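Order of the sequence lines sets the chain letters (A, B, ...), proteins ahead of strands, with each chain counted from 1. None of the values given here were measured: they were computed from a predicted structure.
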Amino acid sequence: MNLPETKNLLVNFDCGVLHVTFNRPDNRNALSIALLTDIVAVFDAIRDSREVRAVVMRGAGGNFCAGGDIKDMAQVRMAKVAPGEDPAAAYNRKFGAFLRKVNEAPQATIAICEGAVLGGGFGVACVADVAFAHVDASFGLPETGLGIVPAQIAPFVVQRIGLSQARRLGVCGGRFKGEEARRLGIVHETFADEAALGKLLDDTLKQVLRCAPGANAVTKELMLKVGAVELDPLLDYAAKRFSEAVRGPEGAEGTAAFIEKRLPKWAQ
Amino acid sequence: MNLPETKNLLVNFDCGVLHVTFNRPDNRNALSIALLTDIVAVFDAIRDSREVRAVVMRGAGGNFCAGGDIKDMAQVRMAKVAPGEDPAAAYNRKFGAFLRKVNEAPQATIAICEGAVLGGGFGVACVADVAFAHVDASFGLPETGLGIVPAQIAPFVVQRIGLSQARRLGVCGGRFKGEEARRLGIVHETFADEAALGKLLDDTLKQVLRCAPGANAVTKELMLKVGAVELDPLLDYAAKRFSEAVRGPEGAEGTAAFIEKRLPKWAQ
Amino acid sequence: MNLPETKNLLVNFDCGVLHVTFNRPDNRNALSIALLTDIVAVFDAIRDSREVRAVVMRGAGGNFCAGGDIKDMAQVRMAKVAPGEDPAAAYNRKFGAFLRKVNEAPQATIAICEGAVLGGGFGVACVADVAFAHVDASFGLPETGLGIVPAQIAPFVVQRIGLSQARRLGVCGGRFKGEEARRLGIVHETFADEAALGKLLDDTLKQVLRCAPGANAVTKELMLKVGAVELDPLLDYAAKRFSEAVRGPEGAEGTAAFIEKRLPKWAQ
């Protein structure tokens, strides 16, 4: 695995865990096209690595991510449009591709939501496998208040919390704090200080590392297909993936460890 | 915008908010075909108006809506059926068309659930963007106890609260009060008296009016497409809608207001 | 209705309720192919019976079900594979067919979750209409810790609790107790002792028996189609089913009972 050089992203790999820090603190880690490109490059680089077991995403300077970047947006509004071109649509579509990339990472992904968790940042929280929020974190979809649309984010909000809560947030542009984010199911736990976060993170990573990396990737892949694929073809596909797993090296090691009453290699 | 004359519905337009009152209090606002036709006519009339920013639905006389009308139902049971005709199916299908109409209104819709919230009334609660329930409101799906089926309502219940809770209600014909309705996600808040309701309504309308009307309509449209359209085509479509918004008058006004540190026109 | 002979299953029919007991207590009711075949045979036998109004599933000896059977699994791993054959996939696919069968039973199904509720047992809890958990019950998806995949179960977990919570459980192999199962929506109520369970069960069965059996079957069928069928065709189909119900014997009896202010026959 070769990690790309990234200007707007700090990346640190340690004991199977890739720590990724959005590093534009002066802009509350707004998702400039440059930052977004960096994140996509990292997820592309680790796609086939089962050495990377988990990805922890956090923002530098106390904010998770304040959404799209005002400068990029202004440029898009000003852009001369040639016939058949739509640079604003192309700009916006990049966010959807980025959210899909994070959503479908084969590794366990963890988002630490603090400070501003707005727009595109809200979207990232919605596609993490596990999300923690600081009790004072500010979640929100400010787009409609600015006359624009949380277009690429809205579908992921619905997938995250269901239509009933999503449509309410949609028409109210609703801002709320960490505890409400937990109640809605956007995040799974809240924390009030760094020590509490540390414990949550340790516990979760311990659980993730006990699971076989390939088996976890397949489980996540199957879960993400629900709704997109009909049930019977999905179960047929799942059976093939089960067969590969049980007859492959992870299945052999897991069975051996079970019989020998020891931890499997991946859990050590 | 020309509002139709309605015999079973009181309609009042004030400061961007359309107040719609189901007005058959002696029948607990049962959804006669006449009432249902009135409601559909109003939603048709406001469909293209962005002047109407929100629709507040309430029942006259302390009940929201007790479901279908017994007289209509009796007529349908008695109707002579010519070959190829199915008046009972046609009668029932009207409820589904009506629920879709409310569900897909481009405005923010708010349901105030008090007293009887049964059958079709339960269905209306399930398709409002925001729903409030009196703590003593009586929710229920009494159809199966009468040997009939909540046929048009069932799909909207599943979309509202998910299959796990919906199927339980389905086989139990479950009746419950406002607090349980909130816990299940059918409504978003409960109230115990008119003052508390007034505050909930004010707060919600304030939030809705801060959002651009066109942007809100698009956001809601996109959210309702999740599951019905595959993810990538949905994101493509969403990008086009984003582009229209950012380059349109709301995008221009929102950007100007942001730069000039003032409220946009629609929020005043 | 002729019930099949079952070696691994105790079956008892009483007052419209079929009590089904998984009876491999020494193996914590692990789902051997033999047990699974017994359960499928019973659900096949009652498929067209509206005399059976509810099915209560429980495990003998204090455990609900510990998942797949180790011996079956070992056999599958050892099996010689002829070209074009995949016995491991075929073995696994049986679980999906079994879960669909329970999921789509026309009767109200109730799962009593105690002790081990693991893997395939977790799956059964996810497809019951109503599920109760003992506060100390142990839920879990231990597969990925053994290098294999909860392949047939994962889709039903997502349908049960939504993607946000399911993906977290998926990557963490999450074990949890009854109260958390209720919070997640896997079960609907918890109990701490046999008396509390008795009351929950009585209340639920009373509600189920008040509903017309055919109408309940149709309601459940419609709910399970949401997402698999598009909304408009689903509402068309639902209207036909409504028409059959209202013009059929249950509709006639329900209407008569309502007018005569008595309980309908099915509720007595």
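Only the backbone of Ala128(A) comes within less than 4.5 Å of a heavy atom of chain C; no side-chain atom from C-beta onward does. If you measure heavy-atom distances from Ala267(A) to chain C, you find no contacts under 4.5 Å at all. When heavy atoms are compared at a cutoff of 4.5 Å, Ile70(C) approaches chain A solely by way of its side chain, counted from C-beta outward. Within the 4.5 angstrom heavy-atom criterion, only side-chain atoms of Leu234(A), from C-beta onward, approach chain C.
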Hey, can you dump all donor-acceptor pairs under 3.5 Å between chain A and chain C, distances included?
| unit_1 | atom_1 | unit_2 | atom_2 | d |
| --- | --- | --- | --- | --- |
| Asn103(A) | O | Arg167(C) | NH2 | 3.0 |
| Asn103(A) | OD1 | Arg167(C) | NH1 | 2.7 |
| Asn103(A) | OD1 | Arg167(C) | NH2 | 3.2 |
| Val127(A) | O | Arg167(C) | NH2 | 3.1 |
| Asp129(A) | OD1 | Arg167(C) | NE | 2.7 |
| Asp129(A) | OD1 | Arg167(C) | NH2 | 3.1 |
| Arg160(A) | NE | Ser164(C) | OG | 3.4 |
| Gly185(A) | O | Ser164(C) | OG | 2.8 |
| His188(A) | NE2 | Ser164(C) | O | 2.9 |
| His188(A) | NE2 | Ser164(C) | OG | 3.3 |
| Ala212(A) | N | Thr144(C) | O | 2.9 |
| Asn216(A) | ND2 | Val171(C) | O | 3.0 |
| Asp232(A) | OD1 | Arg93(C) | NH2 | 2.8 |
| Asp232(A) | OD1 | Arg100(C) | NH1 | 3.2 |
| Asp232(A) | OD2 | Arg100(C) | NH1 | 2.6 |
| Leu235(A) | O | Gln152(C) | NE2 | 3.0 |
| Asp236(A) | OD1 | Arg93(C) | NE | 2.6 |
| Asp236(A) | OD1 | Arg93(C) | NH2 | 3.4 |
| Ser243(A) | OG | Asp86(C) | OD1 | 2.6 |
| Ser243(A) | OG | Asp86(C) | OD2 | 3.1 |
| Val246(A) | O | Arg77(C) | NE | 2.9 |

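A 4.5 Å side-chain heavy-atom check between Val130(A) and Val171(C) finds at least one atom pair inside the cut-off.
No other option in Pro150(C), Gly162(C), Gly227(C), Ala90(C) has as many heavy-atom pairs under 4.5 Å with chain A as Pro150(C). Contact tally against chain A (heavy-atom pairs below 4.5 Å) for Pro87(C), Ala74(C), Gly173(C), Ala166(C): the top residue is Ala166(C).
When all heavy atoms of Cys172(C) and Val208(A) are compared, the pair lying nearest together is SG-CG2, 4.2 Å.
Here CG of Leu163(C) is found 13.0 Å from CD1 of Ile161(A). Values are rounded to the nearest 0.5 Å. A distance of 5.0 Å separates CG of Leu235(A) from CZ of Phe156(C), quoted to the nearest 0.5 Å.
Leu146(C) meets the side-chain contact (heavy atoms from CB on, under 4.5 Å) test with Phe258(A), Ile148(C); sequence neighbours excluded.
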